[in-house]
Amino acid sequence: METYDALLESITPTSGQTRTILNPATGEAVGEAPIHDLEFLEHAVATAVETQPAWAALGHEARSAALLKAADAVERSAEELAQLLSREQGKPLNGPNARFEVGACVAWLRATAGLPLEPETIVDDGQTRAELHYKPIGVVAAIGPWNWPMMIAIWQIAPALRMGNTVVVKPSGNTPLSVLALVKVLNEELPEGILTTVSCGRDVGARLTDHPAIGKIMFTGSTAAGRAIIKSSADTVKRLTLELGGNDAGIVLPDADPKTIAEDIFWGAFLNTGQTCAALKRLYVHDDIYDAVCDELTTVAKAMPMGNGLDETNVLGPLQNKAQYDVVANLVQAAKDSGARILLGGNPDPDQPGYFYPTTLVADIDNNNPLVAEEQFGPALPIIRYSTIDEAVEKANALDVGLGASVWSSNPAAARDVATRIQAGTVWINRHGAVDPRIPFGGAKQSGYGLEFGVEGLKHLGVPQVING
Ligand code: NAD
């Protein structure tokens, strides 16, 4: 698309029911999203069923070539997509935000196109030759959240298409325009009918989860919705990849250098203004350096400008919606009521338009406080004191979720040692939340199951078949 207006116009419905989507930073209208009904959904699924065999028959090489062309199309429209994403989601254009997210879409498409996937020879002993192949599943439903709407859609779409499946995408009702626009741009290069967006409410969207023609659901969202999807997909025994909620712990060992780690801890916790599944959501700091870490983090956090995403100076934005704003405000209030010490923030301006909650750091907070025990999904970080490593590990492992975690230390061997004791799908060392299209990513405990990214991720979008003879 040549201009932002042309992109927006290309996804604006010319008939049917619509909803006005508002910018969470200003309350201004961003655009009109269609309200697709069950009939539209059925048509999208039927089209996906019809187009799937020919797409599968193209083979890996041709499908990868199509993904590379789709990546080029996203790159050509990158600025317009980022402008729309910033207006609808609220995240700033600058910093690790809207432009970064669109860039990640391009990177993931290209990396997924390039992943090697050959049949594996499992036994070849002269008498038996057994090979493991991965065949397409059929039609995949991609159901996503509102925090990283474009990037997470690509995480679901790219491996599904690469493996010869066709895809029906259901974006979050909070951010449909971003996904409609992204899919529109991808479809400039992809064969017709293999990728369709259904922009609908949860009631209509839920049909994807029990539809007999859907073979697999790629779901990213809350643990509660994940549970509902497990139940509704049971009758048709769908394959599921569930990337659910998290409440990631970070453990700072006593030998860490507070000044060196402060900025990386800040971004680990406040990436996308804290609205990130694998953000650092509880920070455990050893007594010896507790005050120094609090001071350094406060210094870094104070210097990070928050505001309207279209202003190039900002690197933090609003909460995406009122419900999430209320979650964060209530959790910080609970922390204040308990007597915890507010190092920064905690004082939203009631007169400010938009869902802005100030960057908030909370010290001397009890491990059982709701701000620690529940997922805040916003810009408020609790910092908890500990005195022995055993105590920190026990607290980190005490919850029923386990998406990511991190250990911070000047001694990599000591950090690895602690990392192996933590119950989480990924444990980062001296970083938090860094994802990579080559490296598998998935949750432990109630943070979900199945892996995304890399060759492991591709395999989760295929049906294993053994040829034994
Ligand atoms: P959500 O679960 O409310 O909604 C996610 C999507 O699922 C939306 O599109 C929604 O319309 C749809 N949905 C909800 N119930 C459904 C049902 N029964 N059937 C079909 N579709 C249904 O989550 P959210 O509020 O959009 O996102 C925030 C949550 O997502 C947080 O808990 C966060 O940790 C999690 N998240 C996890 C990851 C990860 O990779 N693990 C990534 C991003 C967000």
Side-chain angles (χ1 to χ4, degrees), residues 1-4 6-8 10-11 60-89 91-117 140 142 144-163 165 167 169 171 175-191 194-195 197 218 220 243 267 271-272 276-278 309 312 315 433-441 452-455 457-458 461:
M1 294 293 154
E2 274 159 27
T3 63
Y4 173 74
L7 177 67
L8 192 60
S10 74
I11 58 163
H60 279 288
E61 209 174 309
R63 292 195 301 265
S64 288
L67 288 185
L68 291 175
K69 287 177 90 177
D72 293 344
V74 175
E75 198 167 52
R76 281 196 300 274
S77 294
E79 183 59 20
E80 296 80 53
L81 287 167
Q83 292 277 341
L84 179 58
L85 178 60
S86 179
R87 285 172 167 85
E88 184 183 55
Q89 205 284 335
K91 63 181 68 190
L93 287 168
N94 216 340
N97 293 298
R99 291 188 184 115
F100 168 85
E101 179 167 350
V102 177
C105 292
V106 176
W108 247 270
L109 281 162
R110 289 185 178 147
T112 308
L115 290 169
L117 185 69
V140 171
W146 47 260
N147 57 340
W148 293 87
M150 290 188 184
M151 186 173 75
I152 289 175
I154 288 292
W155 290 357
Q156 300 174 331
I157 294 167
L161 291 179
R162 165 69 201 273
M163 291 302 291
N165 307 290
V167 182
V169 189
T175 49
L177 300 177
S178 298
V179 176
L180 283 159
L182 176 70
V183 167
K184 173 90 188 167
V185 170
L186 293 170
N187 277 334
E188 287 172 11
E189 297 294 348
L190 296 173
I194 67 166
L195 177 64
T197 310
M218 295 292 286
T220 298
E243 296 288 359
W267 282 116
L271 180 67
N272 200 26
T276 298
C277 52
E312 298 277 350
V315 293
V435 286
D436 182 316
R438 300 165 301 179
I439 303 174
F441 175 73
E452 295 187 280
F453 315 158
V455 177
L458 275 190
L461 281 144

Look at the side chain of Q83 and the backbone N and O of Y4, then say whether any donor-acceptor pair between them is shorter than 3.5 Å.
no
H60 to M163 - nearest heavy-atom pair and separation:
CE1-SD, 3.8 Å
Quick one: does N272's side chain have a donor or acceptor within less than 3.5 Å of a partner on K91's backbone?
no
Say you draw a straight line from CE of M218 to CD of E243; how long is it, rounded to the nearest 0.5 Å?
7.5 Å
Verify, without hydrogens or angle tests, whether S77 (side chain) and E80 (backbone) share a donor-acceptor contact under 3.5 angstrom.
no
Identify the residue among W148, F441, W155 that makes a ring pair (Phe, Tyr, Trp, His ring centres under 6.0 Å) with W108.
W155
If you count heavy atoms of other groups shown closer than 6.0 angstrom to CD of E312, is the number above 12?
yes
Please name the pair of heavy atoms, one in L84 and one in L177, separated by the smallest distance, quoted to 0.1 Å.
CD2-O, 3.6 Å
Look up atom CD1 in I157 and atom CG in L195, then write down how far apart they are to the nearest 0.5 Å.
5.0 Å
Please examine the side chains of V169 and L182, heavy atoms only from C-beta on, and report whether any two atoms are closer than 4.5 Å.
no
Compare every heavy atom of T175 with every heavy atom of P145, then report the nearest pair and how far apart it is.
O-OG1, 3.9 Å
Do Q89 and P149 come within less than 4.5 Å of each other through their side chains, counting heavy atoms only?
yes
Which atoms form the tightest heavy-atom contact between A104 and M151, and what is the distance?
CB-SD, 3.6 Å
With rounding to the nearest 0.5 Å, note down the distance linking CD1 in I154 to OG1 in T112.
8.5 Å
From Q156 atom CD to L461 atom CG, the distance as rounded to the nearest 0.5 Å:
9.5 Å
Which value, rounded to the nearest 0.5 Å, describes the distance between L93 atom CG and L85 atom CG?
8.5 Å
If you take all heavy atoms of A160 and V167, which pair is closest and at what distance?
CB-CG2, 3.6 Å
Decide side chain to side chain contact (heavy atoms under 4.5 Å, CB included) for L161 and R63; before the verdict, give the C-alpha distance in whole Å, the side-chain angles of both, and the deciding distance to 0.1 Å.
CA-CA 7 Å; L161 291 179; R63 292 195 301 265; over 6 Å; no
Taking all non-hydrogen atoms of both residues into account, name the closest pair between E452 and T220 and its distance.
OE1-OG1, 4.4 Å
Separation between CZ (R162) and CG (L115), nearest 0.5 Å, reads 6.0 Å
Do the side chains of S86 and R99 get nearer than 4.5 Å, heavy atoms only?
no
With a 4.5 Å limit on heavy-atom distance, are the side chains of I152 and N147 in contact?
yes
For F100, enumerate each residue passing the ring pair (Phe, Tyr, Trp, His ring centres under 6.0 Å) test, keeping only those at least two apart in sequence or located in another chain.
none
Student check: side-chain heavy atoms of V315 and P92 closer than 4.5 Å
no
So do D72 and R110 actually touch side chain to side chain, heavy atoms under 4.5 Å?
yes
Are any of the side-chain heavy atoms of V185 and L7 separated by less than 4.5 Å?
yes
